[in-house]
Amino acid sequence: MITELSRFTVKKGKEEKALEWMTFLNTHMSDTLLTLKGEKMYVENIFSEVRDDHMYLYWFTFQKEGGQNVEESTSWIDKKHLEYWDECLVMTPEDHGEDLNLQVSLVEPDLTDWINNR
């Protein structure tokens, strides 16, 4: 299982667009959920934070290894998601997101068994 928490900086001036993006995903939740199976993604949560006058988006994901990368998807939702990603997130060699270090992972054993047997 892969558990990740990643932080991305929202480009200055793109904060409202980033909120529009989150609204888009929430509004199209049923279609968005359909994309998770191919990615072997069991949980994907997105959090936002404004700190020191900068907006950040955080992705918490829990998935099985061997899933399809979102960039390989043919889903219209994933294509739109990547358009928002490119427009809103800072992706430079100096700042391309940061994976936070996992210190402790507590997953109820029945859930792990259920996922491993799928």
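Residues take their numbers from the sequence shown, with the count starting at 1. If you're wondering where the values come from, they're calculated on a predicted model, not measured in any experiment. We use all heavy atoms of the structure for the numbers below, so side chains are in, but hydrogens, waters and symmetry mates are not.
Considering CE of M91 and CZ of F8, their distance stands at 5.5 Å, rounded to 0.5 Å. Once rounded to the nearest 0.5 Å, the distance linking NZ of K11 with OG1 of T9 reads 11.5 Å.
The shortest distance between side-chain heavy atoms of Y56 and F47 does not fall below 4.5 Å. The side-chain heavy atoms of L57 and L89, taken from C-beta on, include a pair separated by under 4.5 Å. Residues I46 and L25 are in side-chain contact: their nearest non-hydrogen atoms beyond the backbone lie under 4.5 Å apart. For the pair R7 and L100, the minimum side-chain heavy-atom distance is below 4.5 Å. Between L36 and Q63 the shortest side-chain heavy-atom distance does not fall below 4.5 Å. Between L5 and Y58 the shortest side-chain heavy-atom distance falls below 4.5 Å.
Both V50 and M22 belong to a common hydrophobic cluster when Ile, Leu, Val, Met, Phe, Trp and Tyr are linked at side-chain heavy-atom distances under 4.5 angstrom. Put simply, F24 and L82 are part of two different groups of oily side chains (I, L, V, M, F, W, Y) that touch within less than 4.5 Å, one to the next. Taken together through direct or relayed side-chain contacts under 4.5 Å among Ile, Leu, Val, Met, Phe, Trp and Tyr, F60 and Y42 form part of one hydrophobic cluster. If you chain together hydrophobic residues whose side chains sit under 4.5 Å apart, V70 and W76 never meet in one group.
Think of L34 as one node in a network of Ile, Leu, Val, Met, Phe, Trp and Tyr side chains linked at under 4.5 Å; it has no links at all.
Side-chain polar atoms of W59 and E4 form no donor-acceptor pair below 3.5 angstrom.
Here the shortest heavy-atom pairing between A18 and C88 reads N-SG, 3.7 Å. Pairing each heavy atom of V90 with each of V10, the nearest pair is CG2-C, 4.2 Å. Of all heavy-atom pairs between K79 and S73, the closest is NZ-O, 3.7 Å.
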Show the numbers, then the answer: is there a side chain to side chain contact (heavy atoms under 4.5 Å, CB included) between N45 and V43? CA-CA 6 Å; N45 297 130; V43 176; 3.3 Å; yes

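Applying the side-chain hydrogen bond (donor to acceptor under 3.5 Å, both in side chains) rule to S48 yields no partners; only residues at least two apart in sequence or on another chain are considered. Residues satisfying the salt bridge (Lys or Arg N to Asp or Glu O under 4.0 Å) criterion with E49, sequence neighbours excluded, are R51. Residues that satisfy the side-chain contact (heavy atoms from CB on, under 4.5 Å) test with S105, not counting sequence neighbours, are T3, L102, V107.
Note on residues 62-73: no pairs pass salt bridge (charged side-chain N to carboxylate O under 4.0 Å, His left out), not counting sequence neighbours. Within the structure, side-chain hydrogen bond (donor to acceptor under 3.5 Å, both in side chains) contacts touching residues 17-40 (residues at least two apart or in different chains) are K17-E20, E20-Y84, W21-H81.
Using a 4.0 Å cut-off between charged nitrogen and carboxylate oxygen, K12 and D53 count as a salt-bridge pair.
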